[in-house]
Amino acid sequence: MEQSSLHELIAVRRQKLEKLNASGVDGFGAAFPADGSVGQVAAEFAEGKVVRVAGRITAHRNMGKSQFLDLSDFTGRIQVYLNGKEVGEEEFTIFKQLDIGDFIGVEGECFLTKMGEPTVHARKFEVLSKSLRPLPDKWHGVADAEIKYRQRYLDLIANAESRAVFEKRIRIVREIRNFLEAKGFLEVETPMMQAVAGGAAAAPFQTHHNALDMDLFLRIAPELYLKRLLVGGFPKVFELNRNFRNEGISRRHNPEFTMLEAYCAFADFSIMADLVEEMVCSIAEKVCGGLAIEHRNAEGEVVKTIQLARPWRRAAYADLIRGVVPEWYEISPEERRARAVAMGLDITHCAEDYEVTQHLFEKCVEEKTMDPLFVTHCPKELVPLAKLSPGNPETVEVYELVINGQEISPGYSELNDPVVQRRRLEEQSGGETHKVDEEFLLALEYGMPPAGGIGIGIDRLVMMLTGAESIRDVILFPHLRNR
RNA sequence: GGGUUGGUAGCUCAAUGGUAGAGCAGCGCCCUUUUAAGGCGUUGGUUGAGGGUUCGAGUCCCUCCCAACCCA
């Protein structure tokens with residue numbers, strides 16, 4: 001039995017399981033109605049009270065006749081005590097052989113140890129599930145990124161900080177739904193499999209429907225279906241679900257990601273900016289306990305604080321550029337290119353003039369903007385499908401919300417002219433890659449009310465609100481290469 | 001796709017080119033209020049994979065795999 005390479009550790013646990021079975025105990029037991037979660041039982045602790053509680057063993061302290069173990073679940077931890085003289089010999093043997101990782105259920109009365117620790121004095125216990133593999137170190141947790149992402153369950157068991165991030169994400173998503181519902185928005189579900197992957201410019205994943213013998217794409221955005229619903233008479237709709245983009249993977253990109261899109265009839269981008277501002281602040285207050293969002297490093301030191309306090313700054317794209325280089329729009333395109341290169345920006349030879357400016361924007365404005373900033377009056381080349389500004393045909397009726405150095409949310413005054421929309425989509429499609437969604441254009445011809453629309457990248461929002469540095473830390477099962 | 005860094009026991013980490021180690025976990029013994037329990041003893045390794053250089057490679061070189069970060 002003196003063995004401890006992995007397969008030997010497993011063999012030891014299998015032998016324990018066989019011993020359980022031999023003594024008539026099912027190592028994978030049945031339901032165990034408890035008095036609540038571990039946290040609830042701990043919170044309602046009262047000396048002398050008899051309780052039933054179930055959880056995973058996270059520590060085992062063997063003191064001979066006195067056996068102590070920690071029982072844990074997401075809600076908390078409670079200590080269990082068992083006295084070898086108070087149970088049968090066989091039962092005591094079974095208890096002593098329990099492993100860290102096993103699920104058990106316990107019944108007994110509450111008491112305080114000499115050290116004052118609330119403890120359940122077990123009179124009965126049941127093995128609910130034998131764990132056949134050793135769990136990660138209880139003290140150091142899981143540090144290996146591959147284990148964290150490929151075997152998230154181990155990360156969740158071992159790392160309380162990870163658990164906290166995902167609990168926060170769940171609450172953020174719930175509060176978004178609550179907020180929008182309270183504002184009169186209806187949540188809808190539109191196709192994830194689309195014959196034309198529209199609503200954004202991105203490479204789609206392709207699939208095939210056998211019975212219909214039809215190629216389909218996983219959606220890159222729900223936009224064109226949500227707009228059909230505006231045509232159909234929904235005044236305020238939203239969808240909060242997955243989009244899929246067949247593009248690179250990085251600290252900020254996962255092939256499937258969660259997006260909120262919301263549309264409000266008779267509104268515009270400015271009204272939608274107000275809505276987003278109110279929503280994000282409302283969520284932060286409920287989930288983060290305030291509007292100052294602290295990001296900490298691995299040592300727990302605060303490395304940056306994002307101030308969400310309203311009103312959020314709004315500034316025109318061109319003014320932000322002038323804030324970096326005052327004479328930017330007075331000099332020639334060639335001079336702009338030279339200035340950008342001189343500033344250390346990586347400008348390719350084929351970059352258009354507006355792309356040079358955008359590059360400057362990304363490096364010198366976006367990446368440095370931590371507190372919320374609505375960028376308005378974006379150049380029309382950057383957002384080809386948006387409505388042009390009435391007073392300035394070079395800019396569009398769009399905001400881009402930047403927080404934490406990233407684009408978090410765009411907002412539009414949606415284009416509802418079917419003739420202009422058709423022309424733009426045809427220009428955008430160019431070749432075969434982006435087919436035009438004729439069914440969408442058909443719907444527009446029946447009349448879509450002017451509307452404000454927004455998108456919010458939920459993963460990035462959660463990163464901002466939790467201080468996660470990688471999108472992989474806010475997605476339970478991020479995509480990795482096959483091992 | 002390019003660059004940089006990394007991959008050593010179940011977990012967290014050491015190891016000038018010279019006998020692969022520690023803590024925790026595991027296993028055995030002792031212990032009736034411990035709590036990162038403690039004491040004594042003890043097992044466990046194809047050092048990501050494959051080549052090469054060398055008397056000798058975890059360490060140096062090459063190819064490949066996986067990951068993290070930066071860039072595109």
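Proteins come first, then strands; the chains are lettered A, B, ... in the order of their sequence lines, and each starts at number 1.
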- [ ] Start with the C-alpha gap between A:E161 and A:R296, add the side-chain angles, then the distance that decides, and say whether salt bridge (charged side-chain N to carboxylate O under 4.0 Å, His left out) holds.
- [x] CA-CA 12 Å; A:E161 325 81 66; A:R296 294 169 188 275; over 6 Å; no

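- Rounded to a whole Å, the CG atom of A:L69 is 14 Å from the P atom of B:rA25.
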Open item on the list: Within the 4.0 Å limit for protein heavy atoms, which parts of nucleotides 67-72 of chain B are touched? Write it as a string from 5' to 3', B for base, S for sugar-phosphate only, - for none.
Closed with: SSSSSS

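- Nucleotides B:rG3 and B:rG56 have their P atoms positioned 32 Å apart, rounded to a whole Å.
- The separation between A:D70 atom CG and B:rA37 atom P is 8 Å, rounded to whole Å.
- Regarding A:N62, its CG atom lies at a distance of 10 Å from the P atom of B:rC27, rounded to whole Å.
- No side-chain donor-acceptor contact under 3.5 Å links A:R77 to the backbone of A:S72.
- Using bins of under 30°, 30° to 60° and over 60° for the plane-to-plane angle, the ring pair A:F125/A:F95 lands in the perpendicular bin.
- The shortest distance between the side-chain N/O atoms of A:K16 and the OP1/OP2 oxygens of B:rC27 is below 4.0 Å.
- Residue A:I100 has its side chain nearest to B:rA25 when only B:rA25, B:rG10, B:rU34 are considered.
- Of the residues near RNA chain B, A:Q97 and A:G141, the one whose nearest nucleotide (by heavy atom distance) lies more toward the 5' end is A:G141.
- With B:rG10, B:rU32, B:rU34 as the candidates, the nucleotide lying closest to the side chain of A:S66 is B:rU32.
- A:T119 contributes no side-chain N or O that forms a donor-acceptor pair with the base of B:rU33 under 3.5 Å.
- Summarising the base pairing, B:rG6 is matched to B:rC66 through a Watson-Crick or G-U wobble pair whose two defining distances lie under 3.5 Å.
- Atom NZ in A:K65 sits about 18 Å away from atom P in B:rU34, given to the nearest Å.
- The cationic group of A:R52 lies under 6.0 Å from the six-membered ring centre of A:F32 and within 45° of the ring axis, placing it in a cation-pi geometry.
- Separation of the P atoms belonging to B:rG51 and B:rC69 is 32 Å when rounded to the nearest angstrom.
- Atom CE of A:M343 and atom CG of A:L360 lie 5.0 Å apart (nearest 0.5 Å).
- Annotation: B:rG45 and B:rA9 have their C1' atoms spaced 6 Å apart (nearest Å).
- As rounded to whole Å, 16 Å separates atom P of B:rU35 from atom CG of A:L112.
- Comparing B:rA37 with B:rA25, their C1' atoms are spaced 15 Å from each other, to the whole Å.
- For A:P136, the listed nucleotide lying nearest its side chain is B:rC11; candidates were B:rU33, B:rC11, B:rU34.
- Relative orientation of the A:F269 and A:H377 rings is perpendicular, given thresholds of 30° and 60° on the angle between their planes.
- Within the 4.0 Å cut-off from OP1 or OP2 of B:rU34, not a single side-chain nitrogen or oxygen of A:R61 is found.
- A:Q194 contributes atom CD, which lies 10.0 Å from atom CZ of A:F217 (distance to the nearest 0.5 angstrom).
- Pairing of B:rU35, defined by two Watson-Crick or G-U wobble distances under 3.5 Å, is not identified with any nucleotide.
- Side-chain to base pairing of A:K114 with B:rU34: no donor and acceptor N or O lie closer than 3.5 Å to each other.
- A:E109 has its CD atom 17 Å from the P atom of B:rU33, to the nearest Å.
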- [ ] Classify every nucleotide of nucleotides 19-24 of chain B by which part a protein heavy atom approaches to under 4.0 Å, writing B for the base, S for the sugar-phosphate alone and - for neither, in 5'-to-3' order.
- [x] ----BB

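- If you check B:rG26 for Watson-Crick or wobble pairing at under 3.5 angstrom, you find it paired to B:rU42.
- Remark: the backbone N or O of A:R242 is paired with a side-chain donor or acceptor of A:R219 at under 3.5 angstrom.
- For A:R14 (side chain) and A:L132 (main-chain N/O), no donor-acceptor pair under 3.5 Å exists by modelled atom type.
- Put simply, CD on A:Q79 is 12 Å from P on B:rU33, counting in whole angstrom units.
- B:rG17 is unpaired under the criterion used here, namely a Watson-Crick or G-U wobble arrangement in which both key atom distances are under 3.5 Å.
- For the P atoms, the distance linking B:rU42 with B:rU8 amounts to 27 Å, nearest Å.
- If you check every strand for non-hydrogen atoms under 4.0 Å, A:I147 touches sugar and phosphate atoms only.
- B:rG48 and B:rC30 are spaced 42 Å apart, taking the C1' atom of each and rounding to whole Å.
- Between the side chain of A:R13 and the main chain of A:R133, a donor-acceptor pair closer than 3.5 Å is present.
- Taking atom C1' in both B:rU19 and B:rA57, the straight-line distance is 14 Å, to the nearest Å.
- Scored by the side-chain hydrogen bond (donor to acceptor under 3.5 Å, both in side chains) test, A:E109 finds A:R123 as partners (sequence neighbours excluded).
- One can place CZ of A:R13 at 12 Å from P of B:rA25, the figure rounded to the nearest angstrom.
- Comparing the C1' positions of B:rC60 and B:rA68 gives a spacing of 24 Å, expressed to the nearest Å.
- A side chain to side chain contact (heavy atoms under 4.5 Å, CB included) with A:R169 holds for exactly one of A:I475, A:L476, A:L461; it is A:I475.
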